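Below is one structure, written out as structure tokens; the observations come after it.
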Amino acid sequence: MYSETRTAKRHFRLIRDYLQLRPFNHEANQILIDTMSKLAFSKDDPADLVNAVIEELIRKRYELPVYITLKDAANEVRNKSYRAIYHRELGRVIRTMFLLKYMADEELRGTIQAATNKSEAFNGFTKWIFFCGEGIIAENDREKQRKVIKYNHLVANCLIFYNVFSLSRILHDYMQDGNEYDEELISYLSPYVTAHVNRFGKYRIDLNRKPPKLPFEVPVAREISVSLTK
């Protein structure tokens, strides 16, 4: 066929040079997609999308592709836009249903508020540990930022473990002395206490010191007696 011969390609090149047109390449195809994507939400007829692309390609001095290319691109962009509209509207419906449930359900509001308070308490706790910076990371390198966050959480988890163990031991000793406690009040205890921690104290590391064995299951019943290493 003539269109596949070298002569045809040479003729096409001469015609483009004479009309000062650029060939339809990857850049032109991207212009096609971008133009259709911008108009897909406002124009429903594929012919409108095709006409807009033709005008844009002519304005930028590109040769026009075959019609089937424009038609297929218009249909593909329209399908993507329809899916995007569907998910957008579905998301709005889901959010509206959740908000209505949130306003009507007092227990749900309390659960969400409690979870939010826990997250804020932990964030405040880690920020308090990250002293001399108020939680602000001065590094611009992403890898160093991740290390700072991980180290900060490591120290926070160590202090949380210490607080929980200390509270459990105190509660255990309190019960062994014959005292009773209110379970509801115990539920308000927090592992994020900081009043007993001196951030600016002296930190001594003794590599020869062996940590005591910790009883991870500390009973609080009076009938059971467990000796804790102090």
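All of these numbers come straight from a predicted model, not from anything done at the bench.
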Distance-only check: which donor-acceptor pairs under 3.5 Å involve side-chain atoms of residues 151-161, not counting sequence neighbours?
{"from": "N152", "atom 1": "ND2", "to": "T126", "atom 2": "O", "distance (Å)": "3.3"}
{"from": "N157", "atom 1": "ND2", "to": "H153", "atom 2": "O", "distance (Å)": "3.1"}

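The minimum heavy-atom distance between V164 and P191, with the atom names listed, is CG2-CB, 3.7 Å. Heavy-atom minimum distance, F125 versus Y192: CD1-O, 3.5 Å.
For the side chain to side chain donor-acceptor pair (under 3.5 Å) test with Q113, the passing option among N117, T116, T111 is N117; the others fail. When each of N51, L49, V50 is tested with L70 by the rule side chain to side chain contact (heavy atoms under 4.5 Å, CB included), just one qualifies, namely V50.
Looking at residues two or more places apart in sequence or on another chain, you find no side-chain hydrogen bond (donor to acceptor under 3.5 Å, both in side chains) involving H87.
Side chains of Y62 and E27: a donor-acceptor N/O pair is present below 3.5 angstrom, by distance only. With 3.5 Å as the limit, one finds a donor-acceptor pair spanning the side chains of D34 and Q30.
A salt bridge does not link R59 with E55: none of the charged nitrogens is closer than 4.0 Å to a carboxylate oxygen. Salt-bridge annotation for E143 and K147: absent, with no side-chain N of the basic residue lying under 4.0 Å from a carboxylate O of the acidic one.
The list of salt bridge (Lys or Arg N to Asp or Glu O under 4.0 Å) pairs with a residue in residues 90-114, not counting sequence neighbours, reads E89-R92.
Annotation: the span from L57 atom CG to T35 atom OG1 amounts to 7.0 Å, rounded to 0.5 Å.
In this structure, Y162 places its OH atom where only 12 or fewer heavy-atom neighbours from other residues, nucleotides or ligands lie under 6.0 Å away.
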